[in-house]
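Heavy atoms only: backbone and side chains are in, while hydrogens, waters and symmetry mates are out. These numbers were taken from a predicted model, which means no experiment stands behind them.
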Amino acid sequence: MKSRMLITGATSGIGAALAARYAGRADLLLAGRRPYEEVAATLPADAHYVVADQSEPERAAAQIGKALADLGWETLDVVVLNAGTGWSGDPATEPAASIRNTLDANLFAAVTLAHALAALLEGGQLVLVGSTARRGAPRFASYAAAKAGLDGLARALSEEWRGKVRVKIVHPGPTATGMHAKAGFHTGRARALFAPPEMMARLIERAIARRRIRRTISFPQYLAAAVTPWRR
Amino acid sequence: MDLLLARGYDVVSIDLNPPHTECTAVGIVCDLADREALDRNMAAIFAGGPYAVVILNAGISATGRFEKMPVEAYRKLMKVNAEAPMVLASALANAGALKGHLCFVSSLSHFTGYPGAAVYAASKDALAVYAKSIRKPFAKRGIAVTVAYPGPLRTEHAARHAPPGADAARRRDPALAARTMLDAVLAGKRVAFSDPRARTVAVAGGLLPGVMARAMRRVIFEKLDRDVW
Ligand SMILES: NC(=O)c1ccc[n+]([C@@H]2O[C@H](COP(=O)([O-])OP(=O)(O)OC[C@H]3O[C@@H](n4cnc5c(N)ncnc54)[C@H](OP(=O)(O)O)[C@@H]3O)[C@@H](O)[C@H]2O)c1
């Protein structure tokens, strides 16, 4: 039987690239915030899709729970919590609503989803997508905070669920997706050094297959990946 | 708070309860888990300023097996421990209501991992890294940002969430810890530890994260006999 996989934020960027990689090899339930009609063209043909806007974490967890029940899936082999969003600018001018939404959509949604899916995940694997910003980022302060929170969640849960659910966190470095523009940040010329999302997806798949709990994927890994194109 | 009053500061407290009657601090009663209440109180909070020192210390915990606790407890925890202090810091800076020192109270779990309190740990990690992120931009506005990492203190909070048999005598006197940390805040230090032992834990966690996480599991998670939130 094919493994069953849930990927959130699968409608663009890294999540879409991950979905494309696993399509055909795994049964996929993909989650996104937009209606199906808007994203259908970007999804792999045989994947299932559920609308779950993580700006309302409790509701998103209920929607994903319902989709799993409708599919009759009682177990999940791999869950990749990849959906993410940020706000960029001087942190003193970040509106309260943005701080709240950034924490909710990136961090609290992961808490509610891990909580809701705990039973289905037994014997499986929970993968959180963090960011190298988790060490601190002056122009992405609330986003960096949320990603650091994910790291703390992963460190605690991987230990707590040892022998039950494997919990991992992957911290991607800069990747050429639409995320920065959506956050109001202009990447400028540095973007030439960003990893293509397909390469990031390949490196994340590799991290999923390994045992390490925390994996940072940044320039050294991009370089290694760029010079070994045969290792797909 | 007693320490600040003793040193001659005029103090404004934001708390669920007003300050006790003999206390001269001005109390703003506000549930930090209530977004509307915080937004409503913001004008009063600005009016108490401009502040020379702001200490964002309010925090709650939830200890037990992650999946056994109600998600509402986590919601409240995230709001009180991470969201409210971030919203307050940003609003105070933007309003120009703070010139001086800003301190966030995080936790030593930032350096170790905290099985049995995963969401608490997440909230305190978020807070610590928010503080690190804003340190430079806030310095331009005349605000020095410190993150405090208190070690185990003899407080009611600790007694409620500690595993049975934990030795309260080994926890630090909170008044002493407060003095040590306040001095670091007023000196504009990047980090403030409550005592040398706390600093040692931080260093060990940085060097041997896996070992420290497993140790935390043995001393805390495996001894928890109840879920508390
Ligand atoms: N790009 C980077 O440089 C970088 C670096 C480190 C970490 N990351 C992390 O990698 C992950 C993927 O990001 P990406 O670069 O691929 O960005 P992206 O292209 O913007 O994709 C983000 C995905 O999350 C979805 N999403 C955003 N807000 C959501 C919400 N409130 N509810 C549900 N879904 C939501 C997006 O939906 P829409 O398609 O509707 O926008 C999209 O599917 C994120 O967790 C991000 O933080 C990215």
Side-chain angles (χ1 to χ4, degrees), chain A residues 57-58 61 89-104 106-108 110-119 121-122 133-162 164-165 167 212-214, chain B residues 35 38-39 42 65-72 74-75 77-79 82-83 86-96 107 109-110 112-138 140-141 143 209-210 213-214 216-217 221:
Chain A
E58 293 90 342
D90 173 358
T93 64
E94 180 168 6
S98 165
I99 294 176
R100 288 166 175 154
N101 184 58
T102 302
L103 286 174
D104 275 353
N106 293 295
L107 177 55
F108 191 59
V111 170
T112 59
L113 283 170
H115 192 263
L117 302 176
L121 267 168
E122 285 207 17
R134 72 172 177 93
R135 294 178 171 281
R139 295 202 68 78
F140 279 92
S142 61
Y143 173 80
K147 293 298 188 178
L150 285 178
D151 190 74
L153 182 70
R155 294 201 315 277
L157 262 193
S158 61
E159 194 53 50
E160 210 181 302
W161 283 357
R162 183 183 289 279
K164 197 162 67 173
V165 181
V167 180
R212 281 259 288 275
I213 287 167
R214 183 203 270 157
Chain B
R35 289 175 176 173
L38 180 57
D39 294 344
M42 208 56 96
R65 285 152 302 168
F66 172 78
E67 65 280 16
K68 294 292 179 216
M69 272 174 301
V71 93
E72 299 77 52
Y74 293 146
R75 168 53 102 181
L77 192 154
M78 285 297 308
K79 285 203 267 194
E83 180 185 302
M86 287 164 57
V87 166
L88 268 167
S90 171
L92 283 165
N94 198 38
S107 158
S109 66
H110 180 54
T112 59
Y114 201 162
V119 182
Y120 174 82
S123 72
K124 292 298 190 179
D125 272 320
L127 198 59
V129 168
Y130 184 72
K132 287 183 202 176
S133 300
I134 66 175
R135 188 168 158 87
K136 268 197 193 141
F138 275 37
K140 285 192 202 134
R141 293 171 178 263
I143 302 168
R214 241 152 286 153
M216 290 290 278
R217 180 191 179 101
F221 182 62

### Task
Please determine if Glu159(A) and Arg162(A) form a salt bridge, counting it only when a charged side-chain N lies under 4.0 Å from a carboxylate O.
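Looking at Glu159(A) and Arg162(A), the cut-off is met.
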**Message:** So for atom CZ, which belongs to Arg65(B), do other residues, nucleotides or ligands contribute more than 12 heavy atoms lying within a distance under 6.0 Å?
**Reply:**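 No - once you tally the heavy atoms of other residues, nucleotides and ligands closer than 6.0 Å, there are 12 at most.
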Which atoms of [X] approach chain B - backbone, side chain, both or neither, heavy atom under 4.5 Å:
X	answer
Arg139(A)	neither
Ala96(A)	both
Ile99(A)	side chain
Ala61(A)	neither
Arg214(A)	neither

Taking atom OH of Tyr120(B) and atom OG of Ser107(B), what is their separation to the nearest 0.5 Å?
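Taking OH in Tyr120(B) and OG in Ser107(B), the distance rounds to 4.0 Å.
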Practice problem: Measure the spacing between CG of Asp39(B) and CZ of Arg100(A) and express it to the nearest 0.5 Å. | Solution: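 Asp39(B) atom CG to Arg100(A) atom CZ measures 4.0 Å (nearest 0.5 Å).
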Pick from Pro138(A), Ala154(A), Gly136(A) with the largest number of heavy-atom pairs that fall under 4.5 Å of chain B
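The answer is Pro138(A).
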### Query
Of the listed residues (Ala116(A), Pro95(A), Ala114(A)), which shares the most heavy-atom pairs with chain B below a 4.5 Å separation?
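Among Ala116(A), Pro95(A), Ala114(A), the one with the most close pairs to chain B is Ala114(A).
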Problem - Residue pairs passing the salt bridge (charged side-chain N to carboxylate O under 4.0 Å, His left out) test where at least one lies in residues 116-138 of chain B, sequence neighbours excluded - result: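 Only Arg155(A)-Asp125(B) qualify under salt bridge (charged side-chain N to carboxylate O under 4.0 Å, His left out).
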Taking the side chain as C-beta and beyond, is there a heavy-atom pair between [X] and [Y] under 4.5 Å?
X	Y	value
Ser98(A)	Thr102(A)	yes
Lys147(A)	Leu150(A)	yes
Phe66(B)	Val111(A)	yes

Is it the side chain or the backbone of [X] that comes within 4.5 Å of chain A heavy atoms, both, or neither?
X	answer
Phe138(B)	side chain
Met42(B)	neither
Ala95(B)	neither
Ile143(B)	neither
Met78(B)	side chain

inquiry  = Only pairs of heavy atoms separated by less than 4.5 Å count here; which of Ala91(B), Ala121(B), Ala128(B), Gly116(B) has the most with chain A?
reply    =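 The candidate making the most pairs under 4.5 Å is Gly116(B).
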The side chain to side chain contact (heavy atoms under 4.5 Å, CB included) partners of Ile213(A) (sequence neighbours excluded) come to Ser158(A)
